[in-house]
**Q** 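One structure coming up, written as structure tokens, with questions to follow.
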Amino acid sequence: MEVEPQSNTSSISHSQSLFSSLVLLLSFLILNFLLIWNLTKLAIKRKKNNKYHPVAGTIFHHLVNFRRLHDFSTDQAHKHKTFRLLSPLRSEVYTTDPAIVEYILKTNFSNYGKGEYNYCNMKDLLGDGIFAVDGAKWQHQRKVASIDFSRRILRDYSTKTFKDNVEKLAVLISEAAITNTRIDIQDLLMKSTMDSIFQVAFGVELNCITASNREGREFAEAFDDASNLITWRYVDISWKIKKLLNIGCEAVLKKKIRIVDKFIYKMICSKIEQISKLQHDSRQDMLSRFLLESEKDPVNITPRYSRDIILSFMIAGKDTTAITLSWFIYMLCKNPHIEEKIAEEVMTATKEFGENASIREFSEKMTDEIINSMHYLHASLTETLRLYPGIPLDPKICFSDDTLPDGFNVRKGDMVAYMPYAMARMKFIWGKDAEVFWPERWLGDNGVFTPESPFKFPAFQAGPRICLGKEFAYRQMKIFAAVLVRFFKFKLGDEEKPVKYRTMLTLQIDHGLHIHAILRK
Ligand code: HEM
């Protein structure tokens with residue numbers, strides 16, 4: 001099982017950790033009792049002729065296989081497309097079947113959602129933000145944000161932000177290449193995407209990548225720690241007791257959320273002040289636009305609600321993009337012939353910039369037309385997302401008893417999770433080369449990118465709750481990837497060291513991705 005985040009636990013006193021162990025033991029006993037209770041209830045229900053998916057184990061199998069959780073699930077899915085794990089509180093159904101994915105995400109969308117379980121885990125950090133809620137609150141935010149995301153002003157502002165930030169990143173990588181210094185590219189990408197999303201959200205430069213803004217750096221660290229600690233709640237069965245007693249991770253989480261809130265509310269106040277002096281149509285960032293909405297509906301859109309909305313976008317958009325770019329670079333290191341094919345496409349598409357264009361000139365000259373013309377790059381990023389989906393497993397709660405398209409039953413309160421990571425490895429979906437990194441699978445005979453059904457490739461989810469930032473993410477990833485591949489080649493820092501994911505809500509590379517960058521002539 002994963003250990004608690006170290007930096008956050010050092011302050012726990014000895015007696016507190018003894019107490020925590022007792023709490024853990026007690027919770028374990030209670031859970032075992034509930035598991036047996038649940039099994040008995042299930043046996044009684046079975047007599048009513050309901051059909052349930054085959055059982056692949058209990059959630060304790062997840063704990064035992066925690067470090068390789070997604071591969072454990074893939075192994076199980078090779079045996080059964082859809083299987084069940086028994087848990088003390090509910091059955092957990094895990095599926096790789098595109099028909100079930102379509103059913104829960106679209107056909108019977110209203111019966112599957114975040115539910116109280118996810119809301120309860122996330123609300124201390126995300127409040128009523130879009131990522132944590134269902135129903136009317138979700139609908140309202142989805143509507144406002146969808147309109148916002150389709151606006152030209154936000155699009156142009158974000159493109160400019162990506163170009164500025166990739167330039168800062170490429171300058172750092174150049175310095176490392178010249179001095180032959182090994183870098184953790186995942187760490188740099190995380191900082192860079194944090195800078196991008198923060199600037200688009202608040203209209204303010206955070207500059208994590210250069211570490212020049214102390215307050216901003218403290219906020220970014222607190223936000224990252226708080227996100228990790230919130231994730232930890234999904235495996236720490238005793239978190240509610242710890243929260244009540246304000247001990248361990250929960251005490252640290254509270255402190256981190258306080259730092260995040262202080263910074264965000266300061267930002268909101270200064271924005272409100274600025275806005276009163278500005279023309280409405282000059283507001284480029286998301287916060288300003290939400291504050292504009294709040295002028296129309298001050299009762300519902302409070303500063304607290306604006307904070308919740310923006311933080312959800314940050315959590316949704318920051319790590320997922322950085323993680324995808326990190327796995328993309330890992331794939332380039334493993335497949336140099338694909339790296340060269342991408343470089344060739346980028347050079348051809350940008351021929352008119354001239355061979356000696358600087359990083360700044362190159363990124364500034366990249367137009368939407370050029371970005372859209374790079375189909376092989378688009379296919380390579382999509383193939384990366386297929387094999388290494390930023391969100392590898394996505395659980396939904398079933399709101400009322402139901403029968404899934406394969407004829408099996410689920411009960412109210414059960415969890416139904418679709419598994420993009422395992423789905424990518426299923427031969428019945430992708431053919432016998434399912435596990436091979438092969439961007440060509442996304443290209444038609446004319447070399448043009450051809451999308452797949454989102455129920456077969458649900459890396460961005462699908463249906464009414466499909467990722468709102470998909471286009472935004474591709475634009476950022478394509479700008480970053482084009483600049484990086486144009487100016488550098490990449491090699492793994494240590495060819496022998498296995499590159500693995502760290503089990504958490506996202507598919508981060510464990511201990512980062514250490515590489516050498518080589519300047520491309
Ligand atoms: C490669 C990058 C990305 C991937 C793989 C990705 C994937 C996903 C997935 C799987 C979900 C569904 C999560 C759930 O169960 O609720 C989601 C939702 C969402 N994503 Fe993304 N995302 C990416 C980038 C972004 C970016 C850059 C933004 C914003 C700037 C964003 C904004 C959102 C929002 C707001 C939602 C919630 C939508 C809703 O509940 O209606 N995402 N994303």
Side-chain angles (χ1 to χ4, degrees), residues 101 104-106 109 112-115 117-119 121-122 126 128-135 137-146 148-150 154-155 157-159 161-162 165 189-190 192-202 285-287 290 308-328 378 381-397 415-421 423-424 454-455 457-481 505-508:
V101 178
I104 61 167
L105 296 184
K106 188 178 147 198
F109 169 73
Y112 297 87
K114 301 277 172 182
Y117 169 65
N118 284 302
Y119 179 64
N121 280 353
M122 291 192 274
L126 296 184
D128 284 339
I130 189 167
F131 224 60
V133 293
D134 298 302
K137 279 198 171 131
W138 167 73
Q139 248 164 2
H140 171 253
Q141 290 175 57
R142 178 93 197 176
K143 195 169 146 218
V144 176
S146 302
D148 213 27
F149 262 60
S150 61
L154 187 75
R155 203 189 140 83
Y157 183 54
S158 52
T159 298
T161 304
F162 302 151
N165 285 330
L189 285 164
M190 288 281 192
S192 196
T193 53
M194 175 69 149
D195 285 346
S196 291
I197 192 85
F198 194 86
Q199 191 161 350
V200 175
F202 294 98
D285 57 279
M286 290 175 66
L287 177 60
F290 272 112
D308 294 351
I309 294 170
I310 302 276
L311 277 191
S312 262
F313 271 84
M314 287 185 57
I315 221 157
K318 183 180 80 73
D319 289 2
T320 42
T321 313
I323 287 168
T324 308
L325 282 167
S326 304
W327 287 109
F328 170 74
H378 197 99
L381 286 164
T382 308
E383 182 66 347
T384 306
L385 274 162
R386 188 184 71 85
L387 282 170
Y388 301 102
I391 300 182
L393 170 98
D394 197 349
K396 306 287 171 206
I397 299 297
M415 190 191 88
V416 183
Y418 66 94
M419 305 185 288
Y421 181 92
M423 286 175 83
F455 307 109
F457 168 64
F460 289 99
Q461 190 160 264
R465 270 193 108 144
I466 192 168
C467 172
L468 254 170
K470 184 176 167 192
E471 189 277 332
F472 182 100
Y474 266 113
R475 200 153 26 89
Q476 178 168 22
M477 292 191 298
K478 285 180 86 172
I479 292 173
F480 271 57
L505 289 187
T506 53
L507 199 75
Q508 250 182 57

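A quick note: this is a predicted structure, and the numbers were derived from the prediction, not measured. Numbering of ligands and ligand atoms starts at 1, following listing order.
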**Q** Please report the interatomic distance CG(Leu325) to CG(Leu189), rounded to the nearest 0.5 Å.
**A** 5.5 Å
**Q** For the residue pair Leu468 and Ser146, establish whether any side-chain heavy-atom pair is separated by less than 4.5 Å.
**A** yes
**Q** Going by the rule side-chain contact (heavy atoms from CB on, under 4.5 Å), which residues pair with Ile197 if we only count those two or more places apart in sequence or in a different chain?
**A** Met314, Lys318, Phe472
**Q** I need the contact type for Tyr474 against ligand 1. Using non-hydrogen atoms and a strict under-4.0 Å cut-off, is it side chain, backbone, both or neither?
**A** neither
**Q** Please list, in number order, the atoms of ligand 1 under 4.0 Å from a heavy atom of Ile197.
**A** 30 (C)
**Q** Within the 4.5 Å heavy-atom criterion, are Leu385 and Trp327 side-chain neighbours or not?
**A** no
**Q** Under the rule for side-chain contact (heavy atoms from CB on, under 4.5 Å), what residues qualify as partners of Leu505, not counting sequence neighbours?
**A** Thr231, Tyr234
**Q** Does the residue Trp138 have a heavy-atom contact with ligand 1, meaning some pair of atoms that are separated by less than 4.0 Å?
**A** yes
**Q** Just grab all the side-chain hydrogen bond (donor to acceptor under 3.5 Å, both in side chains) pairs involving residues 459-476, residues at least two apart or on different chains.
**A** Asp134-Arg465, Arg155-Glu471, Ser158-Arg475, Thr159-Arg475, Ser196-Gln476, Thr382-Tyr474, Lys396-Gln461, Tyr418-Gln461, Glu471-Arg475
**Q** Output, by chain and residue number, all protein N/O/S atoms separated from atom 21 (Fe) of ligand 1 by less than 2.8 Å.
**A** Cys467 SG
**Q** Quick one: look up the protein heavy atom nearest atom 15 (O) of ligand 1 and list residue, atom name and how far away it is.
**A** Asp394 OD2, 2.7 Å
**Q** Could you tell me the separation between the CG atom of Leu507 and the CG atom of Asp319, rounded to the nearest 0.5 Å?
**A** 11.5 Å
**Q** Numbering the atoms of ligand 1 from 1, which are under 4.0 Å from a heavy atom of Ala459?
**A** 5 (C), 7 (C), 10 (C)
**Q** Compare all side-chain heavy atoms of Thr324 with those of Tyr388 and state whether any distance is below 4.5 angstrom.
**A** no
**Q** Heavy-atom contacts with Leu385 under 4.0 Å: which atoms of ligand 1 show up? List them by number with element.
**A** 5 (C)
**Q** Okay, side chain of Lys114, backbone of Phe131: is any donor-acceptor separation there less than 3.5 Å?
**A** yes
**Q** So is Lys114 close enough to ligand 1, meaning a heavy atom under 4.0 angstrom away?
**A** yes
**Q** Can you name the nearest heavy-atom pair linking Thr320 to Ala316, along with the distance?
**A** OG1-O, 2.7 Å
**Q** Relative to the heavy atoms of Phe472, which atoms of ligand 1 are at a distance of less than 4.0 Å?
**A** 27 (C), 30 (C)
**Q** Near Thr324, which atoms of ligand 1 are under 4.0 Å from a heavy atom of that residue?
**A** 1 (C)
**Q** Which residue holds the protein heavy atom closest to atom 40 (O) of ligand 1, what is that atom called, and what is the gap in Å?
**A** Arg465 NE, 2.8 Å
**Q** So is Tyr418 polar-close to ligand 1, meaning N/O to N/O under 3.5 Å?
**A** no
**Q** Name the closest protein heavy atom to atom 38 (C) of ligand 1, giving the residue it belongs to and the distance to 0.1 Å.
**A** Arg142 NH1, 3.4 Å
**Q** Considering only non-hydrogen protein atoms, determine which one is nearest to atom 37 (C) of ligand 1 and report residue, atom name and distance to 0.1 Å.
**A** Phe131 CD1, 3.8 Å
**Q** Where the side chain of Gln199 meets the backbone of Thr161, is there a donor-acceptor pair that is under 3.5 Å apart?
**A** no
**Q** Run the numbers for me: atoms of ligand 1, each under 4.0 Å from some heavy atom of Lys396, listed by number.
**A** 14 (C), 15 (O)
**Q** Please check: side-chain N/O of Gln141 versus main-chain N/O of Asp128, any donor-acceptor pairing under 3.5 Å?
**A** yes
**Q** Verify the ring-centre separation between Phe313 and Phe149: is it less than 6.0 angstrom?
**A** yes
